[in-house]
Each structure stands twice: as C-alpha cells, then as structure tokens.
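If you read the sequence from its start, that first residue is 1, and numbering goes on from there.
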Amino acid sequence: MQQTIESAQDGLTTVQEAVKAPVHLLEARRNLHRLQTVIRFASLATSALVVALPIYSSNFNASGLEKGLLFAIPAFMMAIARPIIGRSMDLYGRRFFLCLGVGILLLAMVLFIFAREFSFGLGGITIQADASFAVTMLFIARTVQGFGLGTMLLSSYTITADLARQSGRGSSFGYTEEAQYRGGLYGGLIAVPILLLFGFDPTHGLRLNQTVWSVIFVVYALGALLALVLAVRTVPETRKYALIEAEREEAIQQKIDPQLYVLMAIVMLTTASSYGLAPFILTFIQDHLTQNLLLIAMAYIPAALIWAFLPSRLGQVADRVGRKPPMVVGLTMSGLFSLTIPFLSMVFPSVNMAIFALMLFATLEAACYAAAVPAEQAMVADMTGGKQRGIGFGLYTLAQSMGQVFGPLLMGVLYDWDRAGPFLANAVILIIGSLLVVSVLQDPAKRRRSLVSIGK
C-alpha cells in the first residue's frame, strides 16, 4: 500500500513538472527577448564607429598611431573590466552590472557628442575647444565605451547562460550575438539620412562633418537611454537560476572545467589573428583591387545581414550536432577566406568578378562564423557551473580582449613587412586553431552525459 502511495506521488510530481516546463520555457524566452532588446538599443553605435571613427578623426589631423590607439584602447578596457566584474556577478548578481554597463555606454555616447570643435562665452570669457580637445574627447569616449561595452556584453552572456538551459544554449547565444550586430545595423541605417541631411557639401559632396557626428550621437544617446530604462524595468535578476542549477549539478561539477583554459588559449590565438587582420582588409582591397567604396560595401552587405539575422538560427546547429563541429568549420572557412584575398586580383582580372568572388567568400565565412560563435559561447556555459558562470565568462571574454589588444599590433608589423603577410599568417593560425579544437578540446556536454550514464 505504501509503495502504491509513493508511486502515485512520484507520478503526480512528474505531471506537475511537465506542466511547469512550458511555463518556464516561455518565461525564459520572454526574458531573453527583453535582454536582446536592451542590447540592440545600447549597440547602435558599434558598427558606425568602426567605419566613421578613422574618417572623422582625420578632420582633426589625427595621426596613424592615434587612430590605431582609438581601436586598441576599448579592447584594453574590456580586458580590464571582465575578470573583476565576472567574479562580482557570481557574488552579487547579473542585473546590476547589465544596468551599469548600459549606463556607462550612455555616458560614452554623450562624450562622443562633444568630441568636436566649439566655442561659447561664460561670464565674459570665451572658451574655445580646438582640434586637440576633439581628439582628446574621442580618446576619453572610447575608453568609457570600452569599459561599458565589456560590462554589458559580459553580463548579457552570463544572463543568457542562466536562462538558456530551458530554451537551448546554442540558439539563445545566437540571439544575444545577433542582437548586438542588429543594433549596429540599425545604427548605421539611422546615420545615413542624417549624413544626407547635414553632410552634403556642394563642393566636396557628402562629408562626415562635426554637425553630422554630433547629431548622430544625440540619437545614439537617446537609444542608450531607452536601453537603460528597459534594463532597469524589464530584465530580471537571473542569478537565482544559476544557484538552482548549481545545486542540481553539484555532484557532477563543482569547479570550472579545466578545459576552459584550453579554450581560452585557442580563443586568444584566433581572435588576435582575425581581429588583428580587420583594419588591413579594406586598405588591401583599395590598394590592390578597387578604390570604389560602393563596390566594396556591396560585397560585404550580405555578410552584415547574416550577422544581424542568422546567428540565432545557426546557433541551433550546436544544440543538434555538438559544440565542436561548428567551431571547426567556422575557423577553417575563415582561414580559407583569408587565404583567397591576396590572390583575388590574380585569379579574377575583372574587378567586378573579383568583387563578386569577394562577396561569396565573405558571405560563406559569415555564415560559418555565425554558427561557430554561439557554439563557442554555449561551450563556455557547459564548462562553468552555476556558481562560477560569471568568472567563467569573464575569463573567456578576457581571452577575447587580450587577442584584440595584441592582434592589430602584430598584424601591423607583418603588413609593413609584406602586404600579403597578415592574410597568409591569419590563414595558418586559424587552421591551426581548428586542428587544436579537434585534437585537444573536449566537448564538456558529451563528457558530462558520459559521466551520468556511468553513474547510473
């Protein structure tokens, strides 16, 4: 009789869990959607800065070294922020640091507005801000932006990992990665009509002048303000989910998987290579293929759209086939793409054919990487227990940031030595990274399932 009662109770518990599961799934997806909305509004400036910052800083005669530092400093600030904040999130929660990161980004957008020349009178005294002041403000704004962006992305990855157990980690990280790129795409679209309205010069055509710059960043500041309001009012604290998960997995995993450090080494190596190559791709194409910026932009538009709309869908691949296959394919295809760039003008004598080939290669690379990055982030979540998730993602993103700091410097030396050097080196490094993923890195999810089956 007692056994019958216990069986009935077990059956009732199973039914209750089955009823609750869809509710938990809907709640997790709803919270992820709120988080991604915050990221989109806070990331409006990301793509525009990559394109506009070198051009705008030229208005103030910024040197090549200053332009390089404007890209290196944010990565350095992200590297500083991430391990400290990662550990703090494990102790105090995620939501505060998400709001902090978005608030710092709002401050950075305001500082960008005043990165210009201006003058005003105060008590009979005229205060003049010259070109050196504008460059200094660009440095200050980039420093603040780097710290804010690092804080926001680290907290968003950790929140995603907390919520993604119910909704699928690969696809969830894909949505979060997609939100950042989609925000950058929307920010670029916002900038175009402002440029057409305020930047037309009858003599020189469209120019990125100081009025255009300030108006664009007023809009971006409003977007960051909206993101801050949404973060405060709609995004919940998710540390409780991590603690519940930690209790469930305590018998299996109490510490960070040592394989995380292997992944960090691979990430730092491959990020240094691919990110370090980025500043030289456009220069090489202009020097050896075409000066037509419109043609070059058309070649990269499909890749930009893939990053803005497909990571969430391609991230599901990692949930179906495991984490390693998308990473291997992404690194390999990116290496092969890098290898083709120096030979485009040789293989395709026609500029239009070369640009078309560039578009195909860039689109294929983007599709493979859009599946690989969510898989990589899902692997980090698999490697870290609920109690160590913040520091785990802090270490992972630290490896990314360190690669972004040193990569451009090393690739710059190679580019000065030989124009094709960075492309060939990047291809070799990424293929080596792919081989390391295959031979050295272990899939923690598969290993954990094996341990569970052995325990049974």
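The structure places CZ of Phe41 at 13.0 Å from CG of Leu228, a figure rounded to the nearest 0.5 Å. To the nearest 0.5 angstrom, Leu226 atom CG is 4.5 Å from Leu230 atom CG. Summarising the geometry, atom CG belonging to Leu398 is positioned 11.5 Å from atom CE belonging to Met78; distances are rounded to the nearest 0.5 Å. Rounding to the nearest 0.5 Å places CD1 of Ile216 at 10.0 Å from CG of Leu49. One distance of note links CZ of Arg94 with OG1 of Thr238; it measures 5.5 Å at 0.5 Å rounding. Atoms CG and OG, from Leu53 and Ser58 in turn, are 9.5 Å apart once rounded to the nearest 0.5 Å.
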Report task. Evaluate side-chain contact (heavy atoms from CB on, under 4.5 Å) for Leu360 paired with Phe356, printing each intermediate quantity in order. Result -> CA-CA 6 Å; Leu360 289 180; Phe356 181 73; 3.6 Å; yes
Query raised in the report: What do the steps show when you test Ile306 against Tyr181 for side-chain contact (heavy atoms from CB on, under 4.5 Å), and what is the final call?
Result: CA-CA 9 Å; Ile306 284 176; Tyr181 286 96; over 6 Å; no
Report task. Begin with the C-alpha distance, continue with both residues' side-chain angles, and end with the deciding distance and a verdict on side-chain contact (heavy atoms from CB on, under 4.5 Å) for Met379 and Lys324. Result -> CA-CA 9 Å; Met379 180 176 280; Lys324 288 174 61 173; 3.8 Å; yes
Query raised in the report: Where do Gln259 and Leu263 land on the side-chain contact (heavy atoms from CB on, under 4.5 Å) test, with the steps shown first?
Result: CA-CA 6 Å; Gln259 283 281 301; Leu263 177 62; over 6 Å; no
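Qualifying side chain to side chain donor-acceptor pair (under 3.5 Å) partners for Gln404, counting only residues two or more places apart in sequence or in other chains: none. Applying the ring pair (Phe, Tyr, Trp, His ring centres under 6.0 Å) criterion to Phe133, with sequence neighbours excluded, gives Phe118. For Thr46, there are no side chain to side chain donor-acceptor pair (under 3.5 Å) partners two or more places apart in sequence or in a different chain.
The closest side-chain heavy-atom distance from Asn352 to Ile355 is not below 4.5 Å. Using a 4.5 Å cut-off on side-chain heavy atoms (C-beta onward), Arg323 and Met383 make no contact. Inter-residue side-chain proximity for Ser57 and Leu70 is flagged as met; some heavy-atom pair is nearer than 4.5 Å. Between Leu410 and Leu414, every side-chain heavy-atom pair lies at or beyond the 4.5 Å cut-off. Two residues are said to be in side-chain contact when any heavy atoms from C-beta on lie closer than 4.5 Å; Ser156 and Leu153 meet this criterion. Contact check for Thr37 versus Arg40: side-chain heavy atoms found under the 4.5 Å cut-off. Using a 4.5 Å cut-off on side-chain heavy atoms (C-beta onward), Leu441 and Leu436 make no contact. In this structure the side chain of Tyr56 reaches within 4.5 angstrom of the side chain of Leu138, judged on heavy atoms.
Asn59 places no side-chain N or O within 3.5 Å of a backbone atom of Arg116 that could act as its donor or acceptor partner. Counting only distance, with no hydrogens or angles, the side chain of Gln210 and the backbone of Glu117 share a donor-acceptor pair below 3.5 Å. A distance-only check finds no donor-acceptor pair linking the side chain of Thr271 to the backbone of Met268 [under 3.5 Å]. Proximity of a side-chain donor or acceptor of Thr270 to a complementary backbone N or O of Leu430 within less than 3.5 Å is not detected.
Considering every non-hydrogen atom in both Arg142 and Phe112, the closest pair reads CD-CZ, 3.7 Å. Nearest heavy-atom pair across Leu105 and Gly148 is CG-C, 3.9 Å. Across Thr397 and Gly394, no two heavy atoms sit closer than the pair OG1-O, 3.2 Å. In this structure, Ala45 and Met109 approach most closely via the heavy-atom pair CB-SD, 3.7 Å. Heavy atoms only, all atoms of each residue included: Met264 and Ala399 are closest at O-CB, 3.5 Å. Heavy atoms only, all atoms of each residue included: Val437 and Leu331 are closest at CG2-CD1, 4.0 Å.
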Please list, one pair per line, the donor and acceptor atoms closer than 3.5 Å that link side chains of residues 333-344 to other protein atoms, with sequence neighbours excluded.
from   : atom 1 : to     : atom 2 : distance (Å)
Ser334 : OG     : Glu365 : OE2    : 2.7
Ser338 : OG     : Phe423 : O      : 2.7
Ser338 : OG     : Asn426 : ND2    : 3.2
Thr340 : OG1    : Phe337 : O      : 2.6

Pair up each side-chain donor or acceptor in residues 184-197 with any protein partner under 3.5 Å, not counting sequence neighbours, and list the distances.
none

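Around CZ of Phe60, the count of heavy atoms belonging to other residues, nucleotides or ligands within 6.0 Å exceeds 12.
Evaluation of the ring pair (Phe, Tyr, Trp, His ring centres under 6.0 Å) test over residues 391-412, restricted to residues two or more places apart or in two chains, returns Phe173-Phe393.
The aromatic rings of Phe217 and Trp213 are tilted relative to each other, their planes meeting at an angle between 30° and 60°.
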